[in-house]
A.B. asks: 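Take this structure first; my questions come after.
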Amino acid sequence: RLAKERGVTVLLDGQGADELLGGYEQYFAPYVDSLRERGDLARLERELPRIRERYPLALVPPARALRDRLPFPLRRLLSRALGTGTNLLYGLRPEAAREVMRTAAAPRRPAYSRLADSLERDSFSRSLTSLLRYGDRNSMAHSREVRLPFCDHRIAELAFSLPPHLLMGDAQTKRLLRESMRGILPEPVRARWNKQGFRPPQDLWFRSPRMLEAAQDVFGSASFRSSRYWSAVWWQKALERTRRGELSLAWALWQPFIIESWKAQFLAPVAAARSRAASGRGA
C-alpha cells in the first residue's frame with residue numbers, strides 16, 4: 001500500500017534466499033547429517049560446538065534424539081500417560097496422525113545430500129510455495145509488481161550441487177550469500193547471525209484469560225469432540241498444562257484453535273445456508 005501511495009510500481013523481494021541457501025537454523029540438523037554421510041568427521045567435530053553455542057535450539061538434544069527413535073505409537077502412549085510432549089501429532093487421532101506422517105515421508109532424492117534434500121523440499125513443496133502465494137496476493141491487491149531475484153532456477157541448481165559446508169559451514173546460515181557480500185554490505189549486517197522470524201507471539205496470547213477461555217470453548221465444543229482429526233482429550237489436557245504455565249505448548253494449541261475457529265466463522269454459516277435451502281426445496 002505504501003509503495004502504491006509513493007508511486008513505486010516494481011519492488012524487489014528476497015523470498016527464496018532462506019530456502020535455497022540455508023537461511024534457517026533448523027537446517028543445521030540436515031547439515032550435520034550431511035557431514036556424517038560424507039565422512040567429514042573432522043569438520044563435524046570442529047563445528048558442532050560452534051553451532052550449539054550460536055544456535056542452541058538448532059540441534060535436538062541427545063536425550064530427545066533417543067526418544068524420537070522410538071516408534072511413534074509408543075511415543076504417543078508415553079505422552080498421554082505422562083502428560084508431556086508438545087508434538088502436534090500427539091493431538092491427532094491415530095489414523096489422522098498416520099496419514100500426516102505418510103504424506104510427510106516423501107522419498108529422499110539419492111543424488112542430494114540431506115541438506116540439499118531439505119532445501120529442495122522447502123523450496124518446491126513446503127514453506128516457500130505458501131510464502132510466494134501470500135506475496136502474490138498482497139502485491140496484486142495493490143497492483144504492484146514484485147520481482148524475486150533469488151527464485152531463479154540457476155541459483156537452485158548451483159545451491160543443490162554444492163558441498164554442504166559452502167552453504168552452512170562455520171556455523172553460518174546462508175554462508176554463500178554472506179561471503180559473496182563481503183566488502184559490499186556493512187559488516188554488522190553481513191555478519192549478523194541472530195535472525196528473527198515473523199512468528200506470532202502465541203506464548204503471550206495464551207497467557208490471557210480471555211484467550212484460554214476462547215480455547216476452552218473450542219476444545220469443549222461438540223464439533224471438536226466428534227472431529228475425525230482431533231483427539232479432544234489430549235487438547236484439553238494440553239490446555240490445562242498451559243494454564244499451569246507450560247507456554248511451550250502455545251504453538252501447538254494455536255493450530256486446532258485457529259482451524260476450528262475459521263471453520264465456525266466461514267464454513268458453518270455456508271453449511272447452514274445450504275441446509276436451509278435444501279429444506280426449502282423439499283417443502
Side-chain angles (χ1 to χ4, degrees), residues 16-72 74-76 78-79 82 84-90 97 100-101 104-110 112-123 125-128 131 159-160 162-179 190-203 246-252 254-255:
D18 288 320
E19 290 80 8
L20 290 173
L21 301 175
Y24 297 125
E25 65 180 76
Q26 62 261 31
Y27 293 136
F28 279 112
Y31 170 64
V32 167
D33 290 340
S34 296
L35 293 184
R36 288 198 179 101
E37 283 189 342
R38 295 167 66 92
D40 199 349
L41 301 183
R43 184 185 301 276
L44 180 62
E45 184 178 0
R46 183 172 67 250
E47 294 192 3
L48 268 177
R50 297 185 64 186
I51 295 172
R52 290 193 172 111
E53 178 184 5
R54 182 172 286 181
Y55 298 99
L57 301 179
L59 302 178
V60 175
R64 182 179 162 190
L66 181 62
R67 183 205 66 189
D68 289 348
R69 293 193 189 99
L70 297 174
F72 177 77
L74 179 56
R75 283 187 283 139
R76 176 190 173 92
L78 289 173
S79 168
L82 302 176
T84 59
T86 60
N87 192 329
L88 179 67
L89 293 178
Y90 297 156
V100 170
M101 290 189 291
R108 181 183 164 195
R109 294 150 182 80
Y112 288 170
S113 68
R114 288 193 178 274
L115 175 60
D117 193 62
S118 294
L119 299 179
E120 197 275 346
R121 291 184 196 282
D122 281 355
S123 297
S125 304
R126 294 189 292 215
S127 59
L128 182 58
L131 295 172
F160 300 158
L162 290 174
H165 70 273
L166 293 183
L167 294 173
M168 303 197 70
D170 295 332
Q172 296 186 74
T173 56
K174 285 193 288 197
R175 184 187 185 193
L176 188 66
L177 183 59
R178 292 178 190 273
E179 293 300 322
R190 190 193 71 83
R192 181 188 175 197
W193 55 265
N194 56 334
K195 181 181 179 69
Q196 298 292 318
F198 292 111
R199 289 184 62 173
Q202 290 104 332
D203 55 338
E246 200 172 334
L247 294 175
S248 58
L249 278 160
W251 182 86
W254 178 254
Q255 312 304 308

A.B. asks: Taking all atoms of both residues into account, what is the closest heavy-atom pair of Ala171 and Phe28, and its distance?
C.D. replies: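 Nearest pair, atom of Ala171 first, then Phe28: C-CZ, 3.8 Å.
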A.B. asks: Considering only heavy atoms from C-beta outward, does the side chain of Arg38 approach that of Pro163 to under 4.5 Å?
C.D. replies: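 Yes; the side chains approach each other to less than 4.5 Å.
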A.B. asks: Quick one: closest heavy-atom pair of Tyr90 and Arg75, and the distance?
C.D. replies: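 It is OH-CB, 3.6 Å.
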A.B. asks: Which value, rounded to the nearest 0.5 Å, describes the distance between Leu249 atom CG and Thr84 atom OG1?
C.D. replies: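 That separation rounds to 10.0 Å.
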A.B. asks: By side-chain contact (heavy atoms from CB on, under 4.5 Å), which residues pair with Ser118, not counting sequence neighbours?
C.D. replies: Tyr27, Pro30
A.B. asks: Hey, what do you get for CG (Leu167) to NZ (Lys174), rounding to the nearest 0.5 Å?
C.D. replies: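 Reported value, rounded in 0.5 Å steps: 12.0 Å.
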A.B. asks: Restricting to side-chain hydrogen bond (donor to acceptor under 3.5 Å, both in side chains), what partner residues turn up for Glu246, sequence neighbours left out?
C.D. replies: Arg241
A.B. asks: Could you tell me whether a side-chain N or O of Arg175 sits under 3.5 Å from a main-chain N or O of His165, the two making a donor and an acceptor?
C.D. replies: yes
A.B. asks: Starting at CD1 of Ile51, measure out to CE of Met168 and round the result to the nearest 0.5 Å.
C.D. replies: 7.5 Å
A.B. asks: Ring-plane angle category for Tyr112 and Phe160, please: parallel below 30°, perpendicular beyond 60°, tilted otherwise.
C.D. replies: tilted
A.B. asks: Less than 4.5 Å apart, side chain to side chain, heavy atoms only: is that true for Arg76 and Leu89?
C.D. replies: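 In short, these two side chains do not touch, never coming nearer than 4.5 Å.
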A.B. asks: Side chains of Leu128 and Asp122: does their closest heavy-atom pair fall under 4.5 Å?
C.D. replies: no
A.B. asks: Which residues satisfy the side-chain contact (heavy atoms from CB on, under 4.5 Å) test with Arg178, sequence neighbours excluded?
C.D. replies: Gln172, Thr173, Arg190
A.B. asks: Quick check: closest heavy atoms across Thr86 and Ala252, and the distance to 0.1 Å?
C.D. replies: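 Looking at all heavy atoms of both residues, the shortest contact is O-CB, 3.6 Å.
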A.B. asks: Which atom pair, heavy atoms only, marks the closest approach of Ser34 to Leu115?
C.D. replies: OG-N, 2.9 Å
A.B. asks: Closest approach of Glu47 and Asp170, non-hydrogen atoms and distance?
C.D. replies: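 Reported closest heavy-atom pair: OE2-N, 3.0 Å.
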A.B. asks: Side-chain contact test, heavy atoms from C-beta onward, threshold under 4.5 Å: evaluate it for Leu70 versus Leu78 and give yes or no.
C.D. replies: yes
A.B. asks: For Tyr31, enumerate each residue passing the ring pair (Phe, Tyr, Trp, His ring centres under 6.0 Å) test, keeping only those at least two apart in sequence or located in another chain.
C.D. replies: none
A.B. asks: Between Gly85 and Ser79, which heavy-atom pair has the shortest distance, and what is it?
C.D. replies: CA-OG, 4.4 Å
A.B. asks: Got a sec, which residues hit side-chain hydrogen bond (donor to acceptor under 3.5 Å, both in side chains) with Arg54, two or more places apart in sequence or on another chain?
C.D. replies: none
A.B. asks: Nearest 0.5 Å please: distance from the CG atom of Leu162 over to the CG atom of Leu21.
C.D. replies: 9.0 Å
A.B. asks: Which residues satisfy the side-chain contact (heavy atoms from CB on, under 4.5 Å) test with Leu131, sequence neighbours excluded?
C.D. replies: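 Testing Leu131 for side-chain contact (heavy atoms from CB on, under 4.5 Å), a comparison that skips the adjacent residues, returns Gln15, Glu19, Tyr134.
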A.B. asks: Flag the pair Asp117 and Arg114 as a salt bridge only when some basic side-chain nitrogen lies within less than 4.0 angstrom of an acidic carboxylate oxygen.
C.D. replies: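 Between Arg114 and Asp117 there is no salt bridge, as every charged N stays at least 4.0 Å from the carboxylate O atoms.
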A.B. asks: Kindly compute the distance separating CG (Leu119) from OG (Ser113), expressed to the nearest 0.5 Å.
C.D. replies: 7.5 Å
